[in-house]
Amino acid sequence: MNTLIKLLITATSAFLLAKLLYPHVNVDGFMSALIFAIVLAILNLVVKPILSILSLPVTILTLGLFTLVINTLIVLLADWFTDGITIEGFWWALIFSVALSIITSVLESIFISKE
């Protein structure tokens, strides 16, 4: 049940955030945002650990800031796999990624129980 709630929170956050960043980030509809959230979750489970391990020396050298680049690459990869979402470039994907992480973290702490 928590996984479904997390997907809905991520989809809603992505949809509303795309409205806020409209000219540079575009989502066709909520269904596209939901597909984006599913693809993002799969990529976070499969690709992100591999990228994190491969980039560990760079992440240590940058004191963890390279993790932002990894998150941005995952968002751009999810954008590439999803038809209904368009992100204009790397910097807008970085802004979208950071904002999406903050918003989903806040909403998950409110709506998901710790049980």
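None of the values given here were measured: they were computed from a predicted structure. Below, all heavy atoms of this structure are taken into account, side chains as well, without hydrogens, waters or symmetry copies.
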Visitor: Minimum heavy-atom separation for Ala78 to Leu43, with atom names?
Guide: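 Looking at all heavy atoms of both residues, the shortest contact is N-CD1, 3.5 Å.
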Visitor: Closer than 3.5 angstrom, by distance alone: can the side chain of Thr104 be matched with the main-chain N or O of Ser101 as a donor-acceptor pair?
Guide: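 Such a contact is found between Thr104 side chain and Ser101 backbone.
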Visitor: How close do Ile70 and Leu51 get, counting heavy atoms only, and between which atoms?
Guide: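 Closest heavy-atom pair between Ile70 and Leu51: CD1-O, 4.0 Å.
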Visitor: For the CG atom on Asp83, are there more than 12 heavy atoms of other groups (residues, nucleotides or ligands in this structure) within a distance under 6.0 Å?
Guide: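 At most 12 heavy atoms, drawn from other residues, nucleotides or ligands, come within 6.0 Å of this atom.
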Visitor: Hey, quick one: are Ile103 and Leu20 part of the same hydrophobic cluster, counting side-chain heavy atoms closer than 4.5 Å, chains of contacts allowed?
Guide: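 In one cluster with Ile103: Leu20, yes.
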Visitor: Side-chain heavy atoms nearer than 4.5 Å, only ILVMFWY residues, links allowed to pass through others: does that put Leu54 and Ile74 together?
Guide: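 No: no chain of side-chain contacts under 4.5 Å links Leu54 to Ile74.
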Visitor: Going by the angle between their ring planes, with limits at 30° and 60°, are His24 and Trp92 parallel, tilted or perpendicular?
Guide: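 Parallel, since the angle between the ring planes stays under 30°.
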Visitor: Quick one: does Leu17's side chain get under 4.5 Å of Val25's, heavy atoms only?
Guide: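 No. Closest side-chain heavy atoms not under 4.5 Å.
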Visitor: With rounding to the nearest 0.5 angstrom, report the CG to NZ distance, Leu73 to Lys48.
Guide: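 Between atom CG of Leu73 and atom NZ of Lys48 there are 11.0 Å.
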Visitor: Give a yes or no on whether the backbone of Val106 and the side-chain of Ser109 come within a donor-acceptor separation of less than 3.5 Å.
Guide: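 The answer is yes, because a donor-acceptor pair under 3.5 Å joins these two groups.
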Visitor: Rounded to the nearest 0.5 Å, how far does CG of Leu107 lie from CD1 of Ile102?
Guide: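 Here the interatomic distance stands at 12.0 Å.
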Visitor: Are the side chains of Ile85 and Asn26 in touch, meaning some heavy atoms are under 4.5 Å apart?
Guide: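 No, their side chains stay 4.5 Å or more apart.
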Visitor: Would you indicate whether the side-chain heavy atoms of Leu94 and Leu68 approach each other to under 4.5 Å?
Guide: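 They are in side-chain contact.
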Visitor: Look at the side-chain heavy atoms of Ile, Leu, Val, Met, Phe, Trp and Tyr, link any pair under 4.5 Å apart, and say whether Val98 and Trp91 land in one connected group.
Guide: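 Both belong to a single hydrophobic cluster.
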Visitor: Ignoring hydrogens and angles, tell me if any N or O in the side chain of Thr62 forms a donor-acceptor pair with the backbone of Phe66 under 3.5 Å.
Guide: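 Judged by distance alone, yes, a pair lies under 3.5 Å.
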Visitor: Is any side-chain heavy atom of Leu100 closer than 4.5 Å to one of Leu40?
Guide: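 Touching, per the 4.5 Å side-chain cut-off.
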Visitor: Of the non-hydrogen atoms in Phe30 and Phe15, which two are nearest, and what is the gap between them?
Guide: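 Scanning both residues, the minimum pair turns out to be N-CE1, 3.7 Å.
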Visitor: At what distance, to the nearest 0.5 angstrom, does CD1 of Ile38 lie from OG1 of Thr10?
Guide: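 Atom-to-atom, Ile38:CD1 and Thr10:OG1 are 10.5 Å apart.
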Visitor: Under the side-chain contact (heavy atoms from CB on, under 4.5 Å) rule, what do Ile87 and Val75 come out as? Steps first, then yes or no, please.
Guide: CA-CA 9 Å; Ile87 301 175; Val75 166; 3.6 Å; yes
Visitor: Roughly how far, to the nearest 0.5 Å, is the OG1 atom of Thr72 from the CZ atom of Phe96?
Guide: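 Going from CZ on Phe96 over to OG1 on Thr72, the span is 11.0 Å.
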Visitor: Compare every heavy atom of Thr82 with every heavy atom of Ser32, then report the nearest pair and how far apart it is.
Guide: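 Taking every non-hydrogen atom into account, O-CG2, 4.0 Å.
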Visitor: Shared ILVMFWY cluster between Leu16 and Ile110, side chains joined below 4.5 angstrom?
Guide: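 Yes, Leu16 connects to Ile110 through the hydrophobic network.
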Visitor: So with a 6.0 Å cut-off around CZ of Phe111, is the heavy-atom count from everything else above 12?
Guide: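 Counting other residues, nucleotides and ligands, CZ of Phe111 stays at 12 neighbours or fewer.
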Visitor: Evaluate the side-chain contact (heavy atoms from CB on, under 4.5 Å) criterion for residues Ser52 and Thr59: first the C-alpha distance (whole Å), next the side-chain angles of each, then the deciding distance (0.1 Å), finally the verdict.
Guide: CA-CA 8 Å; Ser52 296; Thr59 304; over 6 Å; no
Visitor: Of all the heavy-atom pairs spanning Ser97 and Asn71, show the shortest one and how long it is.
Guide: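 Closest pair (atom of Ser97, atom of Asn71, distance): OG-CB, 3.4 Å.
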Visitor: Hydrophobic clusters here meaning ILVMFWY residues chained together by side-chain heavy-atom distances under 4.5 Å, can you tell me if Val27 and Tyr22 are in one?
Guide: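 No, Val27 does not connect to Tyr22 through the hydrophobic network.
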Visitor: If I compare all heavy atoms of Ala33 with all of Ala11, which pair ends up nearest, and what's the gap?
Guide: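 The pair with the smallest heavy-atom distance is CB-O, 3.4 Å.
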